[in-house]
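Contents: one structure, followed by commentary.
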2 protein chains.
Amino acid sequence: MEKQTITIYDVAREANVSMATVSRVVNGNPNVKPTTRKKVLEVIDRLDYRPNAVARGLASKKTTTVGVIVPDVTNLYFSSLARGIDDIATMYKYNIILANSDQNDQKEIQVLNTLLAKQVDGIIYMGHKITDEMRAEFSRSKTPVVLAGTVDPDAQVGSVNIDYTEATEQVITQLIAKGNKKISFVSGALTEPINGIYRMNGYKKALKKAGINFDEKLVFETEYSYQAGEEMYNKLAKVGATAAFVGDDELAIGILNGALDHGIKIPEKFEVVTSNNSKLTEMVRPRLSTITQPLYDIGAVSMRLLTKLMNKEEVEEKTIILPHNIADRGTTKK
Amino acid sequence: MEKQTITIYDVAREANVSMATVSRVVNGNPNVKPTTRKKVLEVIDRLDYRPNAVARGLASKKTTTVGVIVPDVTNLYFSSLARGIDDIATMYKYNIILANSDQNDQKEIQVLNTLLAKQVDGIIYMGHKITDEMRAEFSRSKTPVVLAGTVDPDAQVGSVNIDYTEATEQVITQLIAKGNKKISFVSGALTEPINGIYRMNGYKKALKKAGINFDEKLVFETEYSYQAGEEMYNKLAKVGATAAFVGDDELAIGILNGALDHGIKIPEKFEVVTSNNSKLTEMVRPRLSTITQPLYDIGAVSMRLLTKLMNKEEVEEKTIILPHNIADRGTTKK
DNA sequence: ATGAAAGCGCTAACAG
DNA sequence: CTGTTAGCGCTTTCAT
């Protein structure tokens, strides 16, 4: 025979009080006489009663769970953000439903819909690009949304990022100061605003300031993968680049190793700066110079912002920019 | 004014059918006349009706979500498993509630309880060690549990792993064949069965077969981190080890870089073999030799097993061992 | 401080 | 093939 699930009703009966009272003590409502509270608590303990969050969710219209959409958790950039998100979520008593989207448009919409169907109280979205359809869904639903480490020029929703333009400009400026004239720009698709708009603008600004002409041949779009990076080095060599600014750490490591495997001296003959400062950057030799982003914090702050939004608190600014820096390590000249 | 959520009842009214019929078409029940199905579907579309999964969960006692407990998602070993889990979960229409435990006993219990309160249909646990309390909770609850990449000698629950003992034995045997006499065993706590029992047994077996005495001084327990590895190299040098078998990739990379930073030639002067074959192993130079585990598959198979358990299907064997191999790469002699 | 009662939105017999 | 009717377990007014 199935073990009977014990409900709030059982507790009420055993404690000689009403369901309402049990509900009150479970929810920490102060309007309960200490004696009855004690009595109820004791019965709860004795019966090993565990509130059913689903029933509670249906009645209260709050699930205390938030949806997290991520391209791929095995990417350290995203898993670092996810970690920050989960920690703050836990702190505020939320749980996370984590869904990998593979940045696939269909899957994203699909995932968003099941998340909404599951009545999540809020959503954190990470990705490289927001399709029109997603944007439409975001604004159509009254569920709060925060973009973490993800930019959207037309975003009506909250977001947490660093200033990619400025960071990129600084990197390029430093590279130019070290004597580089041909600095490649390697990133994912330029149709992604973070690449095509923000980083690219920073790149061009630095070039312009230094009086260097923008050369399209130095710009490479590719996928975010180690493999793509390894193959990329040849192309960089072919166009005569002496340095590369790279938008993703795994990609950068691919390029670094590609160069190394060709016997190129790093940083003497080729410099590379990456963008995410994931822990990978410190695990390779030479250590990768990089823009330092507070990855964990971006996630944490995103979740914190989301809690405010879910709580309908007033937020002064829902487009948050966190500080960044540049770490000069082994892949750039001293 | 709040936008009124539209329910199954609204659809029923608009379509001139009963809630039951709407429910049937929503759930793909074949017992609906094509005409009415069409009519209902049209109303659903027009009203933009979206079934409430929480209400459904309460009524059906199934949430189609599973809990996933993991020490830390930013660890590539675990995120790789998690990725496999999520993909199969999606395939079977489940969602994943992901919770980081930091391998903290208290937090684990805490997390397990909220997962259970949220009525997850099943749980996948990853970790280094299962405390008595967790084991007790697992057997007390009727919610199916599967351990992924996690061993528990007394496990009553499902599990998916490789044969750690055999794999370790093979590694050590190969290392011995290459002339090493002093091979260090570096892992996390030996109180964790995977280290203290399985891997250690493999280590000792290989030694014994080769007639080499077990030397406690060659065994090192440490935490799973890159940093710990970097610091570990000195100790290895001190005891005169010429090779190391390492239980974790980040740890192994730390050791590798520690040696490299000391100017040690790898693999000529020191060999290292790691255990998890995460993508990190191919990103360092020289590439790390490793036991190859099908990480993604361990996750995928775990989730598949869990679906069967949740479905109360008959499973021949719930302790699954997946095949492994040894990849001889740059950190071992040819 | 406590109880009664009406839902929350849906599924699942059961009946027809 | 379709409708009726109970719940699922809890929160939340509204009384008292």
Side-chain angles (χ1 to χ4, degrees), chain A residues 2-41 43-44 47-65 93 114 116-121 142, chain B residues 2-41 43-44 47-65 93 114 116-121 142:
Chain A
E2 276 291 316
K3 199 192 302 174
Q4 180 59 47
T5 47
I6 93 108
T7 76
I8 201 173
Y9 178 77
D10 300 310
V11 177
R13 181 171 30 71
E14 291 286 310
N16 284 311
V17 296
S18 70
M19 290 165 54
T21 299
V22 178
S23 176
R24 288 189 186 96
V25 349
V26 167
N27 293 296
N29 184 318
N31 286 40
V32 181
K33 201 185 342 174
T35 2
T36 60
R37 176 188 306 283
K38 184 155 169 290
K39 184 174 55 178
V40 171
L41 248 19
V43 175
I44 286 180
L47 264 44
D48 195 27
Y49 165 70
R50 175 183 285 142
N52 180 324
V54 173
R56 191 188 292 211
L58 181 57
S60 68
K61 293 173 175 297
K62 293 212 199 82
T63 54
T64 64
T65 109
K93 314 275 186 215
T114 73
L116 259 17
K118 293 208 170 173
Q119 313 297 118
V120 294
D121 297 335
K142 63 249 142 276
Chain B
E2 277 291 315
K3 198 191 300 174
Q4 180 60 47
T5 47
I6 93 108
T7 75
I8 201 173
Y9 178 78
D10 300 311
V11 177
R13 180 171 32 70
E14 290 287 309
N16 284 310
V17 296
S18 69
M19 288 165 55
T21 299
V22 177
S23 176
R24 286 190 188 98
V25 349
V26 167
N27 293 296
N29 182 318
N31 287 38
V32 180
K33 201 190 336 178
T35 0
T36 61
R37 175 188 307 282
K38 184 156 171 290
K39 183 174 57 178
V40 171
L41 248 19
V43 174
I44 286 181
L47 263 44
D48 196 25
Y49 165 71
R50 175 183 285 142
N52 180 324
V54 173
R56 191 188 292 209
L58 182 57
S60 68
K61 294 172 173 298
K62 293 212 198 81
T63 54
T64 63
T65 108
K93 312 277 185 217
T114 73
L116 259 17
K118 292 209 170 173
Q119 313 297 118
V120 294
D121 297 335
K142 62 249 142 275

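Order of the sequence lines sets the chain letters (A, B, ...), proteins ahead of strands, with each chain counted from 1.
Applying the side chain to side chain donor-acceptor pair (under 3.5 Å) test to pairs two or more places apart or on separate chains, none has a residue in residues 32-41 of chain B. Identified under the side chain to side chain donor-acceptor pair (under 3.5 Å) test for residues 18-30 of chain B, with sequence neighbours left out: B:Ser18-B:Thr21, B:Ser23-B:Asn27, B:Asn27-B:Arg56.
The CZ atom of A:Arg50 sits 11.5 Å away from atom OG1 of A:Thr5, with the distance rounded to the nearest 0.5 Å. With rounding to the nearest 0.5 angstrom, the NZ atom of A:Lys61 is 7.5 Å from the CG atom of B:Asn52. The structure places CE of A:Met19 at 10.5 Å from CG of A:Asp10, a figure rounded to the nearest 0.5 Å.
Of all the residues in residues 29-37 of chain B, B:Asn31, B:Val32, B:Lys33, B:Thr36 reach under 4.0 Å from DNA chain D with at least one non-hydrogen atom.
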Residues B:Val17, B:Val43; criterion side-chain contact (heavy atoms from CB on, under 4.5 Å); working and verdict:
CA-CA 11 Å; B:Val17 296; B:Val43 174; over 6 Å; no
Evaluation steps, side-chain contact (heavy atoms from CB on, under 4.5 Å), between A:Asp48 and A:Ile6
CA-CA 8 Å; A:Asp48 195 27; A:Ile6 93 108; over 6 Å; no
Taking only N/O atoms, report every protein-nucleotides 8-12 of chain C pair under 3.5 Å with atom names and distance.
unit_1: C:dC8; atom_1: O3'; unit_2: A:Lys61; atom_2: NZ; d: 3.1
unit_1: C:dC8; atom_1: O2; unit_2: A:Ala59; atom_2: N; d: 3.3
unit_1: C:dG9; atom_1: OP1; unit_2: A:Lys61; atom_2: NZ; d: 2.8
unit_1: C:dG9; atom_1: OP1; unit_2: B:Thr5; atom_2: OG1; d: 3.0
unit_1: C:dG9; atom_1: N2; unit_2: B:Ala55; atom_2: O; d: 3.3
unit_1: C:dC10; atom_1: OP1; unit_2: B:Tyr49; atom_2: OH; d: 2.4
unit_1: C:dC10; atom_1: OP1; unit_2: B:Asn52; atom_2: N; d: 3.1
unit_1: C:dC10; atom_1: OP2; unit_2: B:Ile8; atom_2: N; d: 2.4
unit_1: C:dT11; atom_1: OP1; unit_2: B:Asn27; atom_2: OD1; d: 3.4
unit_1: C:dT11; atom_1: OP1; unit_2: B:Asn27; atom_2: ND2; d: 3.2
unit_1: C:dT11; atom_1: OP1; unit_2: B:Arg56; atom_2: NE; d: 3.1
unit_1: C:dT11; atom_1: OP2; unit_2: B:Ser23; atom_2: OG; d: 2.7

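Axis deviation across the helix from C:dA1-D:dT16 to C:dG16-D:dC1 amounts to 30°, comparing end segments of five pairs, rounded to 10 degrees.
B:Asp121 and B:Thr64 get closest at one heavy-atom pair: OD2-N, 2.7 Å. Closest heavy-atom contact between B:Ile44 and B:Val25: CD1-CG2, 4.3 Å. The minimum heavy-atom distance linking A:Gly57 with B:Val54 is given by the pair C-CG1, 4.0 Å. Here the closest heavy-atom approach between residue B:Ile8 and residue B:Tyr49 is recorded as N-CE1, 3.5 Å.
Along DNA chain D, read 5' to 3', the first and last nucleotides having any atom under 4.0 Å from a heavy atom of chain A are D:dG9 to D:dT12.
With A:Lys118 contributing its side chain and A:Thr63 its backbone, the two residues share no donor-acceptor pair below 3.5 Å.
Backbone-only contact: B:Asn16 has heavy atoms under 4.0 Å from sugar-phosphate atoms and none from a base.
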